[in-house]
Amino acid sequence: MARNITPRSEDYSQWYLDIIKAAELADYAPVRGCMVIRPTGYSIWESIQKHFDDAFKETGHVNAYFPLLIPNSFLEKEAEHVEGFAPECAVVTHAGGEPLEEPLVVRPTSETVIGHMYSKWVQSWRDLPILINQWANVMRWEKRPRLFLRTSEFLWQEGHTAHSTKEEAMEETLRMLEVYRTVMTDILALPIIPGEKTEGERFPGADNTYTCETMMSDKKALQAGTSHFLGQNFAKAFDIKFQNRDGELEYAWTTSWGASTRLIGAIIMTHSDDDGLILPPRVAPVKTIILPISTDEAKIEDVLLPRARELSSSLNTALGGRFTAVDTQFHLRPGDRFFNHLQKGVPLRIELGEKDLAGGTARIVRRDTGERLDIPLGQVAEKVPAILEEIQQSMLKKAFDLTRENTHRVKSYDEFKEVMGTDGGFIETWFAGSTDDEKKIKEDTGATARCMPLGDEESGTCFFTGRAGARKTIFAKAY
RNA sequence: CGGGGCGUAGCGCAGUCUGGUUAGCGCACCUGCUUUGGGAGCAGGGGGUCGAAGGUUCGAAUCCUUUCGCCCCGACCA
């Protein structure tokens, strides 16, 4: 048992923070709400980035970089946008030792500056679509920060596209939602429910927002990524116009979509246990750690280390990358070395000691189940990929099962309140209420409308208003 | 911004109510020896302007005033 991690059942928030500390993922920065992402945490982010970036490239997007500072006036060009973001913007008022003529906003998101640039770049229908993504930091001054889930500065990617037709922009919005769903499910092993946001939960300035909602192990919902159909709102605000095939001027249709370092928080809260982090193999920067174990220094040098390096090399070949590391912390005793990698969530630990060598095997220990296997040395490289894959599938299934088991169907508000007051979790129901109705429900129960799941075109009777034609909606308490 | 906690060694804390030796304990760290397949044992050692600033007093970690910060719970949000 870990002695530096509060049990999850005792204090969920503290458990979450303890894991981040024990796994050395992040640390508090001197400025409130800001965090330092430590090397172990950052390598997870790099892995997430790689999988998303590949998926973006496969769907025809290219990367670019837009500046951190945005003229204050840009934000004000889109009424809903400024209303939504102004309260949480950090503003630069001085530079070069003098007050600035116009304050500069540290970007909370980049729709405005990108809209400005797109209007310069777009003249003809031939200039469309523009399919650009950027990896960047953004700043939103949060009242109540939490490591990875909500920090004042965070890292993310934001895709920004412009299209000549509404249909094409809507297709792009849903395509990228599906890209998110796929990577989050297949790589991060998160049980994603893709859906449409209700009006009250929309991105400021969007006609429509789509989301990937996922359940954490405390049964609360986390918004893991969003894709927005911006209509012509930003095109009109920033004058993104093109001449169509008939020679007429039209406003472009734009989209934007983002996912952030919050995903690391999602991985922690979905998969970890009381011993620390558990990483799904496909996202783990180190998938297997090899620990040579012996008290005999000469034996370590002459026999164990060479065998470990050999094994590491054949494992890397089998896994198609540098995914294996050899632990050389010989100043620590074996127990300390086990816990070190256990807490950091490495999916497989391979112990290579004198006893193993004598038997011609290696001991392989699964992080997710603790299961131990003795495998003949010659077969390790061949068998490990399948074991990792099994871990991946098993973790995803476990997470999906939790979601399924904690999703309740209700028909009335009384039932709704009963469920939220006891079991919690997700509530799946029919809803046709207004934004004010959502506020009332939140005041009463703490739950908010998370999304209206896609692919569910049936309609029913609203549990709150009694109206017919209501849409299937998921409610939950959310991060 | 409201409510509740808390600031004493890297981390976790005792001491504060009732002012009084040189401010303690556990873990971690350093050295040595013994150990070593799931978080070792013994011995020795280093490390503190007690969050900050004022005040009361012969004397303040302790009492008074002000202030800064952090954590948790809410409202706002990826």
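Only a predicted model underlies this, so the values are computations on that prediction, with no experimental measurement involved. Throughout, a chain's letter reflects where its sequence line sits, starting with A, and its residues are numbered from 1.
Remark: the backbone N or O of A:Gly276 is paired with a side-chain donor or acceptor of A:Asp273 at under 3.5 angstrom.
The CG-P distance, from A:Asp444 to B:G74, rounds to 16 Å in whole Å. The separation between A:Glu443 atom CD and B:C76 atom C1' is 14 Å, rounded to whole Å. Separating the CG atom of A:Leu17 from the P atom of B:C73 is a distance of 9 Å, rounded to the nearest angstrom. If you measure from atom CZ of A:Arg144 to atom P of B:C1, you get 16 Å, rounded to the nearest angstrom. The nearest whole Å value for the distance from the CG atom in A:Leu149 to the C1' atom in B:C76 is 16 Å. If you take OH of A:Tyr12 and P of B:C73, they are 12 Å apart, rounded to a whole angstrom. Atom-to-atom, CG of A:Asp336 to C1' of B:A28 comes out at 11 Å; the value is rounded to the nearest Å.
Pairing for B:G12 goes to B:C25, judged as Watson-Crick or G-U wobble with the two contacts each under 3.5 Å. Across the strands present, B:G48 finds no partner; the criterion is a Watson-Crick or G-U wobble pair with both atom distances under 3.5 angstrom. The partner of B:U62 is absent, by the rule that a Watson-Crick or G-U pair needs both atom distances under 3.5 Å. Remark: B:G74 base-pairs with B:C1; criterion is Watson-Crick or G-U wobble with both hydrogen-bond distances under 3.5 Å. Under the Watson-Crick and G-U wobble criteria, each requiring two contacts below 3.5 Å, nucleotide B:C6 is paired to B:G69. Pairing partner, B:C42: B:G32, with both Watson-Crick or wobble hydrogen-bond distances short of 3.5 Å.
Among the protein residues, A:Glu354 comes within range of the nucleic acid bases, having at least one heavy atom under 4.0 Å from a base atom. Using a 4.0 Å heavy-atom criterion, one finds that A:Thr6 contacts no nucleic acid atom at all. Contacts of A:Gly353 with the nucleic acid, taken as non-hydrogen atoms under 4.0 Å apart, include base atoms. Here A:Arg146 lies out of heavy-atom contact (under 4.0 Å) with every strand.
Mapping A:Glu351 and A:Phe148 onto RNA chain B by nearest heavy atom places A:Glu351 at the nucleotide closer to the 5' end.
A:Lys442 has a side-chain polar atom (N or O) that falls below the 4.0 Å cut-off from OP1 or OP2 of B:C76. For the pair A:Tyr28 and B:C71, the criterion of a side-chain N or O lying under 4.0 Å from OP1 or OP2 is met. The side chain of A:Ser13 contributes an N or O atom lying less than 4.0 Å from OP1 or OP2 of B:C73. Side-chain nitrogen and oxygen atoms of A:Arg32 include at least one within less than 4.0 Å of the OP1 or OP2 phosphate oxygen of B:C70.
A ring pair (Phe, Tyr, Trp, His ring centres under 6.0 Å) with A:Phe52 holds for exactly one of A:Tyr180, A:Trp45, A:Trp156; it is A:Tyr180. When each of A:Arg471, A:Lys472, A:Arg450 is paired with A:Glu428, the salt bridge (charged side-chain N to carboxylate O under 4.0 Å, His left out) condition holds for A:Lys472 and for no other.
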